[in-house]
Amino acid sequence: MARVAVIGAGPAGLVSARWLRAAGLDVILLERTGEVGGIWRPDTGLAYPSLRTNTSKQRTAFSDLGFESSLPDFPSRDAVHAYLERYADMTGVRALIRRQDVRMVRPDTDGWIVDGEHFDAVIVATGLFGRALEPPLAGRERFTGEVIHSSAYRDPGRFAGRDVVVAGAGSSGADIAIELAAVARSVTVAVRELPLFSPRVHRGRPYDHRATRLAHLLPARVRGWRAQRVIAAEYSGRGLRLERMRATRTPGLGLLDLIASGRVAVRAALVGLDERGALFADGTRADADAAILATGYLPDFPFLPAGLPERIGSGLALYRLVFPPGVPGIAFVGMMRVSGPVLPLAELQARWVAAVLTGRAALPAEVAMRAEISERFAQARAAENDQLRVEFLPYADDIASRIGARPSLWRHPRLLVSPVRAADYRIAGGHDVSRLRGP
């Protein structure tokens with residue numbers, strides 16, 4: 001029986017272990033903390049206490065376990081962590097966890113060596129949050145206030161009565177700015193361009209429930225027009241004007257409310273600091289005694305050989321964001337960004353990896369894999385988009401088609417109008433779990 005090492009016991013690692021084990025492989029789940037949850041654990045520093053999901057619980061769940069019905073549509077950090085704990089128990093993968101901080105992974109003649117131990121294959125499921133990304137700030141050493149990355153943010157109380165600049169207005173930056181507005185003397189959001197804010201809830205239901213298969217059959221221009229109408233109405237209702245639509249969005253309208261009321265100011269990108277203030281890209285300045293850098297992360301794999309995976313800019317040269325061309329026996333799960341739920345896509349990736357490792361699915365030739373990567377990067381550059389970003393439904397359907405899991409809409413027409421879920425991809429092949437199990 002082939003032995004497989006899965007590195008990381010966050011959502012991607014758990015679902016990888018679950019499907020590899022189901023395929024009959026001998027799986028060891030290596031996790032530096034020895035515990036379940038990854039970034040959703042309260043002790044990792046990456047998930048602040050007030051964090052909640054940006055996607056509805058109905059769409060976020062794995063295929064064989066639903067979130068508790070009593071939870072709100074957008075569960076909190078602790079609720080997601082509890083969900084992952086239940087998933088680990090229900091699937092039996094908790095017993096596969098070994099506490100181990102992986103230091104070195106290297107190829108061997110017939111597999112891989114992980115910290116001196118032989119495995120036939122390795123799955124990297126450590127996520128995209130390997131290293132905090134901090135922009136260079138001129139004069140930072142002269143600043144007498146406090147500068148932290150958002151990964152170190154916990155409690156807004158420590159910033160009470162202070163003038164705070166938050167660099168970045170993605171999900172973390174927006175959430176942090178909203179919390180600070182209740183206690184800080186002033187809050188300024190510094191951005192190159194203010195992101196597009198979209199509602200979490202629209203007409204009484206989660207906004208992401210609108211992303212049905214039927215809606216996706218509409219031309220892209222029509223879908224964009226429908227979304228623009230909804231979002232523009234939210235802006236105009238707050239006395240603001242929607243300047244332009246963007247492919248990436250920050251879910252939630254709380255920060256938009258604070259900007260409209262004047263409680264949060266918006267300035268150009270943060271480029272420097274002086275002794276008692278912040279300097280912005282447009283040449284202006286503002287008093288500040290704290291700066292929080294919600295400027296994202298870079299994927300980091302210090303345990304892998306240099307150049308694995310290959311990188312193009314900040315992107316990873318992986319075939320369909322899973323397999324490195326020309327390097328057999330290793331795969332990456334969960335290494336994508338999506339305007340939608342990540343967990344169902346990680347599950348489909350894990351099922352694909354299991355099929356490849358057991359010979360039930362084949363990969364194309366290396367030249368074809370590299371051609372797909374080049375095309376994807378070219379499209380991302382042309383659209384000024386993130387090379388790791390995928391569109392949920394086309395990507396899910398593509399991966400599912402590789403393992404015979406794409407559902408037939410002729411046989412299951414209800415899928416046309418229902419929110420797309422991971423369970424939809426268990427219908428084909430006699431694995432119908434359309435009724436998700438509860439806790």
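One is the number of the first residue; the rest follow in order along the sequence.
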For I403, does its backbone N or O pair with a side-chain atom of R360 as donor and acceptor, under 3.5 Å?
no
Would you please say whether a donor-acceptor pair under 3.5 Å links the side chains of S63 and R421?
no
Between R263 and A181 (side chain of the first, backbone of the second, donor and acceptor by atom type, cut-off under 3.5 Å), is there such a pair?
yes
If we ignore angles and hydrogens, is there a donor and acceptor under 3.5 Å between the side chains of R52 and S76?
no
Quick one: do the H118 and D110 side chains pair a donor with an acceptor below 3.5 Å?
yes
With distance as the sole criterion, is a donor-acceptor pair present between the side chains of D208 and T55 under 3.5 Å?
no
Tell me whether the centres of the aromatic rings in Y83 and W40 are closer together than 6.0 Å.
no
Report yes or no: is the cationic atom of R213 (NZ for Lys, CZ for Arg) closer than 6.0 Å to the six-membered ring centre of Y425, at no more than 45° off its axis?
yes
Verify, without hydrogens or angle tests, whether R320 (side chain) and E372 (backbone) share a donor-acceptor contact under 3.5 angstrom.
no
Between T33 and E31, do the side chains contain a donor N or O and an acceptor N or O under 3.5 Å apart?
yes
Give a yes or no answer on whether the side chain of R59 reaches the backbone of V420 with a donor-acceptor pair at less than 3.5 Å.
yes
Criterion side-chain contact (heavy atoms from CB on, under 4.5 Å) on S339 and R249, from CA distance to verdict
CA-CA 7 Å; S339 297; R249 303 171 187 175; 5.8 Å; no
Distance in Å, D108 CG paired with I113 CD1, rounded so as to fall on 0.5 Å steps
4.0 Å
Evaluate the side-chain proximity of V353 to I123: yes if any heavy-atom separation is below 4.5 Å, no if none is.
yes
Kindly state whether the ring of F301 and the ring of F332 have centres lying under 6.0 angstrom apart.
yes
Step through it carefully: locate the ring centre of H149, locate the ring centre of Y297, and say whether they are under 6.0 Å apart.
yes
How about V4 and F119: do any of their side-chain heavy atoms sit closer than 4.5 Å?
no
Distance only, no hydrogens: is a donor on one side chain within 3.5 Å (strictly under) of an acceptor on the other, for Y153 and E179?
yes
Distance-only polar pair, side chains of Q349 and Y395, donor-acceptor under 3.5 Å:
yes
Taking the six-membered ring of Y207 as reference, does the NZ or CZ atom of R200 fall below 6.0 Å from its centre and within a 45° cone about the axis?
no
